[in-house]
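Comments concern the structure below.
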Amino acid sequence: MLLLLTFTGVLSGFVLGTLLRALELSPETILLIAYPGELFMRLLKLMILPLIIASLITGAAGLNAKMNGMIALRTIVFFIATSLLSACVGLVLVIVLHPGNPETKTLLGSGTTIDKKIDIMDNFLDLGRNLIPDNLFKAAFQTAGTKYVPVPEKFEEFTKNLSYRSGTNTLGIIFFCLTFGTVLGSLGKRAQLVVDFFKVIDEVIMKMVNAIMWISPVGISSVICAKILGVAHLGSVMSQLGLFIFTVCSGIFIYQFTFLQAIYFVFVRKNPFKFWWGLFQAWMTAFATASTAAALPITFRCMEKNRVDPRISKFVLPIGATVNMDGTALFVTVASIFIAQMNNIPLNAGSYATVVLTSTAASIASASVPSAALVLMLIVLSAIDAPVQDVSLLWAIDWFVDRCRTTNNMLGDAYGAAVVAALSKKELQAMDELNEKIREKEEDDLNSSGTGISGTVQEPSNQESLIGMHKSPSTTSNGSRVAVEEVILVENSTDEEDEETKALNPSAA
């Protein structure tokens with residue numbers, strides 16, 4: 001039911017946006033149409049940080065340090081390999097279809113993007129700085145980055161300064177939570193209370209996400225409708241860049257429906273299209289929001305329905321939402337060669353290899369960079385000496401292409417979690433068996449110690465009943481006879497028993 005409503009929201013957003021363009025609505029009206037979608041986006045983003053913290057800590061705590069290291073290695077290898085594969089798919093398509101030609105450049109005119117000082121090495125260094133933040137609370141709302149300051153009176157000379165810009169340093173939070181969860185899990189029963197605390201937080205956030213999902217049809221429809229209404233000259237732009245859009249979208253969907261499905265089938269040995277259908281809700285959310293991170297709460301929910309081990313999905317998905325950009329790598333490869341084709345710049349095999357490798361490396365290095373596609377294209381275009389100012393020619397259609405490539409990024413994360421879970425299945429089973437044996441041993445030790453205690457307690461009571469049979473009943477006003485009998489049992493002396501009895505009950509003497 002909810003899936004049908006969400007699909008209806010996506011479809012109605014496209015239809016309403018297309019029909020309302022004829023009315024030429026004012027910016028204020030478009031703002032009001034976009035308002036429900038804005039609130040929906042804010043709700044999803046509100047869930048991201050607590051969900052990442054709770055899910056990563058509980059996921060890492062459920063595994064030992066060796067398993068966490070193995071899963072992290074498999075995850076990173078999968079993301080690098082799929083990003084490289086995605087870039088190669090884009091390379092083949094852009095060469096075969098050849099969407100760029102000088103006539104297109106004549107129709108579109110020259111670009112207006114200002115050349116910026118960009119260094120891929122600095123991007124990797126910034127990646128390390130964000131991976132290990134110096135202040136956890138600062139990482140919640142600021143990200144580190146290298147800023148290039150022009151040197152006065154010196155042409156093309158810059159000084160590098162480390163600066164901070166607004167935006168959550170998700171990478172640093174992920175690193176801290178993984179480390180914290182791993183150490184927490186190594187403490188055993190002493191840390192169980194803290195682990196349970198984060199498990200409850202995780203469950204609460206997921207219940208809140210389930211409630212948010214019921215307003216997603218309205219929010220998604222609002223976002224898509226407002227975006228279509230806000231694009232100027234939609235028809236002319238689509239016709240001029242139609243072949244480029246077709247090339248990018250073909251690469252994205254060929255990668256999604258052939259390569260990802262084949263990878264899933266080879267490693268998981270299950271029906272990949274059934275798995276994709278289980279992710280359709282998250283797919284539509286990623287398309288509408290154009291953000292893998294915003295779709296992360298929905299992706300978690302879909303992975304639970306697809307029965308992927310939650311310890312793996314909670315580990316892989318937050319990392320993938322930050323690092324994995326295989327759809328972006330494909331787009332940057334196609335866009336860079338498209339610009340080179342428009343400017344009639346000849347490229348050889350070395351240039352093509354440079355584009356693919358640079359796109360793959362930069363997509364990983366720019367994990368914490370806002371507007372990552374812009375930064376990546378500047379890096380790649382500089383590597384092949386193509387004009388960077390033409391990047392602005394593509395922004396008119398980026399609102400649509402960005403949504404398509406975001407679905408690639410999201411599916412790459414989900415399929416990566418499924419593949420890593422399949423590869424780690426034996427280790428997870430062995431760890432579960434070991435934990436079960438430890439738990440049974442603890443229960444046996446507890447039961448045996450409890451039996452010993454109860455036997456010790458019951459023995460005096462039997463002795464007490466036997467002694468009571470040989471004594472005449474006596475009572476006191478304060479009930480002190482029980483205490484006297486305990487003394488009798490401990491001391492085990494008949495003479496003292498007679499003396500005490502006489503003292504308490506003179507009539508018995």
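Not measured: the values here are computed from a predicted model. Sequence positions, counted from 1, serve as the residue numbers for this chain.
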**OP:** Could you check V209, T6, I212 and say which one makes a side-chain contact (heavy atoms from CB on, under 4.5 Å) with I298?
**Re:** V209
Taking only distance into account, with no hydrogens and no angle test, what donor-acceptor pairs under 3.5 Å do side-chain atoms of residues 73-87 form with protein atoms, sequence neighbours excluded?
residue: R74; atom: NH1; partner: L423; partner atom: O; Å: 3.3
residue: R74; atom: NH1; partner: S424; partner atom: OG; Å: 2.7
residue: R74; atom: NH2; partner: E427; partner atom: OE2; Å: 3.1
residue: T75; atom: OG1; partner: I71; partner atom: O; Å: 2.7
residue: T82; atom: OG1; partner: F78; partner atom: O; Å: 2.8
residue: T82; atom: OG1; partner: F79; partner atom: O; Å: 3.1
residue: S83; atom: OG; partner: F79; partner atom: O; Å: 2.9
residue: S86; atom: OG; partner: D326; partner atom: O; Å: 2.7

Original post:
Does the side chain of S222 come within less than 4.5 Å of F40's, by heavy atoms?
Top reply: no
Subject >> Contact check, side chains of I33 and L20, non-hydrogen atoms, under 4.5 Å >> reply: yes
Original post:
Hey, does V223 have a side-chain heavy atom less than 4.5 Å from the side chain of T289?
Top reply: no
**OP:** Could you give me the CA-CA distance, side-chain angles and deciding distance for M47 and L43, then say whether side chain to side chain contact (heavy atoms under 4.5 Å, CB included) is met?
**Re:** CA-CA 7 Å; M47 300 291 107; L43 275 174; 5.7 Å; no
Original post:
How about L3 and W277: do any of their side-chain heavy atoms sit closer than 4.5 Å?
Top reply: yes
Original post:
Hey, does F338 have a side-chain heavy atom less than 4.5 Å from the side chain of T247?
Top reply: no
Subject >> Side-chain touch D398/L394, heavy atoms, less than 4.5 angstrom >> reply: no
Subject >> Minimal non-hydrogen separation, Q281 against C302, with atom names >> reply: CB-SG, 3.8 Å
Subject >> Least distance between heavy atoms, L243 atom then P99 atom >> reply: CD2-CA, 3.4 Å
Subject >> T333 versus S359, closest heavy-atom pair with distance >> reply: OG1-OG, 3.3 Å
**OP:** Taking the six-membered ring for Trp and the single ring otherwise, decide whether the centroids of W276 and F273 are under 6.0 Å apart.
**Re:** no
**OP:** Mind telling me whether F287 and F400 have parallel, tilted or perpendicular rings, with 30° and 60° as the class edges?
**Re:** perpendicular
Original post:
More than 12 non-hydrogen atoms from neighbouring residues, nucleotides or ligands closer than 6.0 Å to CD on E24, yes or no?
Top reply: no
Subject >> Donor-acceptor contact below 3.5 Å, side chain T407 vs main chain C404 >> reply: yes
Subject >> Any donor-acceptor pair under 3.5 Å from R405 side chain to L330 backbone >> reply: no
Original post:
Just by distance, do the side chain of N306 and the backbone of V308 share a donor-acceptor pair under 3.5 Å?
Top reply: no
Subject >> D202 with K199: basic N within carboxylate O range, under 4.0 Å >> reply: no
Original post:
Judged by atom type as modelled, is there a donor-acceptor pair below 3.5 Å linking the side chain of N169 to the main-chain atoms of Q142?
Top reply: no
Original post:
Quick one: does NZ or CZ of R269 land under 6.0 Å from the six-membered ring centre of F267, within 45 degrees of the ring axis?
Top reply: no
**OP:** State, to 0.1 Å, how close D413 and V316 come at their nearest heavy-atom pair, and which atoms those are.
**Re:** O-CG1, 4.1 Å
Subject >> N/O donor-acceptor pair under 3.5 Å between N68 side chain and A60 backbone >> reply: yes
**OP:** Please assess L93 against V334 for the test side chain to side chain contact (heavy atoms under 4.5 Å, CB included), listing each intermediate value before the final yes or no.
**Re:** CA-CA 8 Å; L93 282 174; V334 174; 5.7 Å; no
Original post:
Considering only heavy atoms from C-beta outward, does the side chain of I384 approach that of V355 to under 4.5 Å?
Top reply: yes
Subject >> 4.5 Å side-chain heavy-atom contact, M410 and L296 >> reply: no
Original post:
Parallel under 30°, tilted from 30 to 60°, perpendicular over 60°: which one fits the rings of F331 and F244?
Top reply: perpendicular
Subject >> Donor-acceptor under 3.5 Å (S221 side chain, V10 main chain) >> reply: no
Subject >> Mutual orientation of the aromatic rings belonging to Y415 and Y264 [parallel < 30°, tilted 30-60°, perpendicular > 60°] >> reply: perpendicular
**OP:** Looking only at non-hydrogen atoms, find the nearest pair between R403 and A290 and report the distance.
**Re:** CG-CB, 3.8 Å
**OP:** Look at the side chain of T179 and the backbone N and O of F175, then say whether any donor-acceptor pair between them is shorter than 3.5 Å.
**Re:** yes
**OP:** I would like to know whether K270 and R307 meet side chain to side chain contact (heavy atoms under 4.5 Å, CB included); could you show each step before the answer?
**Re:** CA-CA 12 Å; K270 293 181 180 179; R307 298 182 180 179; over 6 Å; no
Subject >> Charged N-O contact under 4.0 Å between K227 and D402 >> reply: no
Original post:
Which atoms form the tightest heavy-atom contact between S336 and M377, and what is the distance?
Top reply: N-CE, 4.4 Å
